[in-house]
Every structure is written in C-alpha cells, then in structure tokens.
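Convention: sequence-line order gives letters A, B, ...; per-chain numbering from 1.
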There are 2 protein chains.
Amino acid sequence: MTEHDTPPAEISPTEQAGRFARAREKQSMAILEDYVEMIGDLIAMHGEARVADIAERMGVAHPTATKAVARLKREGLATSRPYRGVFLTDKGEALANWVRVRHRTVVDLLIAVGVPQETAEADAEGIEHHVSRRTLKAFEAYLTDK
Amino acid sequence: MTEHDTPPAEISPTEQAGRFARAREKQSMAILEDYVEMIGDLIAMHGEARVADIAERMGVAHPTATKAVARLKREGLATSRPYRGVFLTDKGEALANWVRVRHRTVVDLLIAVGVPQETAEADAEGIEHHVSRRTLKAFEAYLTDK
DNA sequence: TTCGTAATATAGCCAAGGCTTCATATTCTA
DNA sequence: TAGAATATGAAGCCTTGGCTATATTACGAA
C-alpha cells in the first residue's frame with residue numbers, strides 16, 4: 001500500500017448501504033436490459049427473434065432464455081406466443097434503444113481514454129448497466145468537447 | 001426502429017456469448033470483492049470487523065452477511081471463529097488491496113472526464129467490478145498523462 | 001399427407017443472495 | 001456476579017438465473 005493510502009472513505013454507514021443497495025438494484029435490471037437489446041438486434045438483423053438464437057448469442061441454454069422471456073413479458077417489455085418468435089412492446093423497444101445508445105457511448109468513452117477496442121467492447125458489456133444518466137451525460141459531453 | 005439505425009455489431013454469436021459469459025463470471029465475483037473490501041476497511045477503521053457492522057454498511061440483514069462470510073471462508077479469503085470478528089487471509093487482504101486501488105482509480109477517472117464526485121462514487125460501486133486489468137491500466141495511464 | 005427433425009416448452013434440480021424468526025452466546029452494567 | 005441488552009448463529013423460505021432431461025409442437029421433404 002502506498003503512502004497515499006486513502007483512509008477508508010468518510011461516509012456514513014447508511015449512505016454506503018444505500019450505494020450498495022442501488023448497485024444491487026441496477027444489477028437486477030442488467031439481465032433484462034441485455035435480453036431486450038439482444039431481441040432488438042435479432043429483429044433488426046433477421047426480422048424476428050427466436051428463442052434458440054437468443055439463447056445462442058447470450059451463451060445460455062434454451063430454457064434459460066425461455067425463462068428470461070417470461071420475465072420480460074411479466075415486466076411488460078416483450079410479447080410472445082407459444083412456438084412463435086419474441087417481440088418487443090413499445091416500452092421494450094424504448095428500453096432497447098436507450099440501452100443501445102448507452103452501450104455505444106460507454107464503448108466510445110473507453111476507447112477515447114485509451115482502452116483497446118476489443119477490451120472496450122468486452123468490459124462495456126458489464127459496465128454499461130451501472131452507468132447512471134448523469135454519468136452518461138458527462139460521457140457524452142466529454143466525447144463532444146474532446 | 002429506423003432503417004439506418006446502427007447495424008447490430010458485427011460479431012459472431014459465439015464471441016458474443018463469450019462476452020456475456022465473462023460478464024456473468026465477473027458478476028459472481030463482485031459480491032465477494034465488496035465484502036472483502038468492506039472487511040478490510042472495517043479492520044483499518046475499528047481494528048476489527050464484526051458481522052453486525054458488515055451487515056449495516058452493506059445494507060443487508062445480519063444473516064445475509066453471515067452467509068457471505070461463510071462463502072469467503074470457503075473461498076479461502078477470510079477466517080472467523082464463532083462470536084469473534086472476521087479476518088482476512090493473505091489472499092483476502094491482497095484482493096482487498098487490489099479492489100481498493102481499482103475503486104479509487106475508477107472514481108478518479110470518472111471525475112476526470114467530468115462526472116460529479118457524488119455520482120462517480122455511486123456509479124463506481126457497480127462499474128469497478130467489470131473493469132479488466134487492461135482497462136485499469138489504460139485508466140491509470142490516462143490519469144497520469146492528463 | 002405424413003413423418004422425422006428441429007424448435008420450443010415444461011418440469012425439476014442447484015447455488016447464490018436476499019429475507020424473517022427464533023435460539024444461543026457474549027458482553028456490559030447495575 | 002446476575003440479568004438485560006446486544007451480537008451471532010441456525011433454520012427455513014423466496015426469487016433469480018443457471019442447468020439437464022423430457023415432452024410437445026411446427027415445419028419441410030419425401
């Protein structure tokens with residue numbers, strides 16, 4: 001440890017607990033966001049989103065994708081009928097678009113500060129879900145002014 | 001969606017699946033890292049880490065913290081005896097230090113690109129776990145050269 | 001038009017990480 | 001030093017997000 005060792009942050013237990021709680025909340029939205037974005041991409045690419053394709057690209061088994069779709073439906077983000085493809089509701093599509101923009105911004109910012117593209121793409125997959133609107137705004141401003 | 005939306009990234013399904021898989025792996029380490037860092041902080045501040053304090057600062061109920069400590073012990077990161085405090089193994093301490101450095105670097109980078117401090121602290125809590133060594137190196141270089 | 005294959009769904013399992021409730025150990029104080 | 005207050009542990013439940021194995025449905029080719 002260096003001399004600049006910061007003493008543990010001066011933050012009240014309550015406030016810190018809140019931060020962790022918010023981080024956990026974001027995490028619970030992350031998978032929804034990933035699936036919604038994926039479904040949007042597949043529809044854009046193939047005109048439809050099949051469960052098998054979703055599963056393949058997410059790197060999970062089919063039943064896992066089916067369950068995720070069920071959760072999306074429960075949350076009003078997607079629709080589907082048995083043995084038919086999966087579609088996004090307006091709400092789902094709006095979320096997909098927002099997520100896509102955020103993803104690109106995060107990747108661009110990482111690259112702008114010197115992260116190699118491949119690494120930027122990979123890390124962004126996890127980072128993006130924790131980027132708040134305010135932080136995203138700052139990223140956009142930085143990329144514009146740079 | 002419009003016709004000329006950004007075309008979905010040109011990436012093979014397999015490669016994309018790998019990215020998601022890696023993001024999931026990192027996520028499964030995230031909580032371990034948070035607890036290890038917290039325990040390190042508490043020991044630095046109070047000379048010991050009590051389960052009650054850990055729980056309070058993590059924003060969870062005591063049994064949740066106890067379970068987490070059990071997992072840390074299983075992973076060889078911490079030790080504890082009933083009704084005594086929790087301590088880090090060498091491995092746990094090394095992880096705690098690495099995590100702490102990474103956390104600070106992430107916060108500093110966010111601030112450097114214009115994110116308000118409060119927001120930076122909060123978002124970093126989730127972002128840090130997805131920052132690879134390579135990305136961290138880039139952050140450090142950026143902060144130095146700036 | 002039927003039938004085999006591929007896609008989808010269902011059921012049931014596991015681990016993680018939350019929770020509450022209740023029992024037990026420790027510590028503090030009167 | 002006994003008893004109350006506090007801290008810890010144990011048990012059991014819930015949800016998520018993985019999995020495998022086993023139906024069932026849809027569809028294209030013979």
* Among dA9(C), dA26(D), dG18(D), which nucleotide sits nearest the side chain of R84(A)? -> dA26(D)
* Could you tell me whether A61(A) contacts a base, only the sugar-phosphate backbone, or nothing, with contacts defined as non-hydrogen atoms closer than 4.0 Å? => base
* Does the side chain of R71(A) get closer than 4.0 angstrom to OP1 or OP2 of dG17(D) through an N or O atom? -> yes
* Asked: Roughly how many Å is it from CE in M58(A) to C1' in dT16(D), rounded to a whole number?
  -> 14 Å
* Would you say H103(A) and E125(A) make side-chain contact, with heavy atoms under 4.5 Å? -> yes
* Quickly work out the E75(B) CD to dG17(C) P distance and round it to whole Å. => 9 Å
* Taking atom types as modelled and ignoring hydrogens, do the side chains of H129(A) and E33(A) form a donor-acceptor contact shorter than 3.5 angstrom? -> yes
* To do: Could you pick out which residue, A68(A) or A52(B), lies toward the 5' side of DNA chain D when each is mapped onto its nearest nucleotide?
  => A52(B)
* To do: Rounded to the nearest angstrom, tell me the gap between atom CE in M29(A) and atom P in dG17(D).
  => 11 Å
* Asked: When you check the phosphate oxygens OP1 and OP2 of dC19(D), does a side-chain N or O of R24(B) lie under 4.0 Å from one of them?
  -> no
* Asked: In terms of side-chain heavy atoms of I31(A), which of dG18(C), dG17(D), dT8(C) is nearest?
  -> dG17(D)
* Tell whether Y83(B) reaches the base of dT8(D) with its side chain through a donor-acceptor pair below 3.5 angstrom. => yes
* Between dG17(C) (C1') and E25(A) (CD): distance, integer Å -> 15 Å
* Donor on one side chain, acceptor on other, H130(A) and Q27(A), under 3.5 Å -> yes
* So which nucleotide from dT26(C), dC19(C), dA16(C) ends up closest to the side chain of K67(B)? -> dC19(C)
* P63(B) side-chain proximity, nearest of dA11(D), dT8(D), dT20(D) -> dA11(D)
* Return the value, rounded to whole Å, for the distance between atom NE2 of H62(A) and atom P of dA23(D). => 18 Å
* To do: Please state whether the phosphate of dT8(D), meaning OP1 or OP2, lies under 4.0 angstrom from any side-chain nitrogen or oxygen of T66(B).
  => no
* To do: Would you mind telling me which of dC19(C), dT8(C), dT8(D) lies closest to the side-chain atoms of V60(B)?
  => dC19(C)
* Between dA16(C) atom P and D34(B) atom CG, what is the distance in whole Å? -> 17 Å
* Roughly, in whole Å, what's the span from CD1 in I54(B) to C1' in dT8(D)? -> 12 Å
* **Donor-acceptor pair between T79(B) and K73(B) side chains, under 3.5 angstrom** => no
* Structure fact -> Paired with L72(B), the side chain to side chain contact (heavy atoms under 4.5 Å, CB included) test is passed by just one of I31(B), V86(B), L32(B), namely L32(B)
* To do: Respond yes when some side-chain nitrogen or oxygen of R81(B) is under 4.0 Å from OP1 or OP2 of dT26(C), and no when none is.
  => no
* **Spacing of Q27(A) atom CD relative to dG18(C) atom C1', expressed in whole Å** => 14 Å
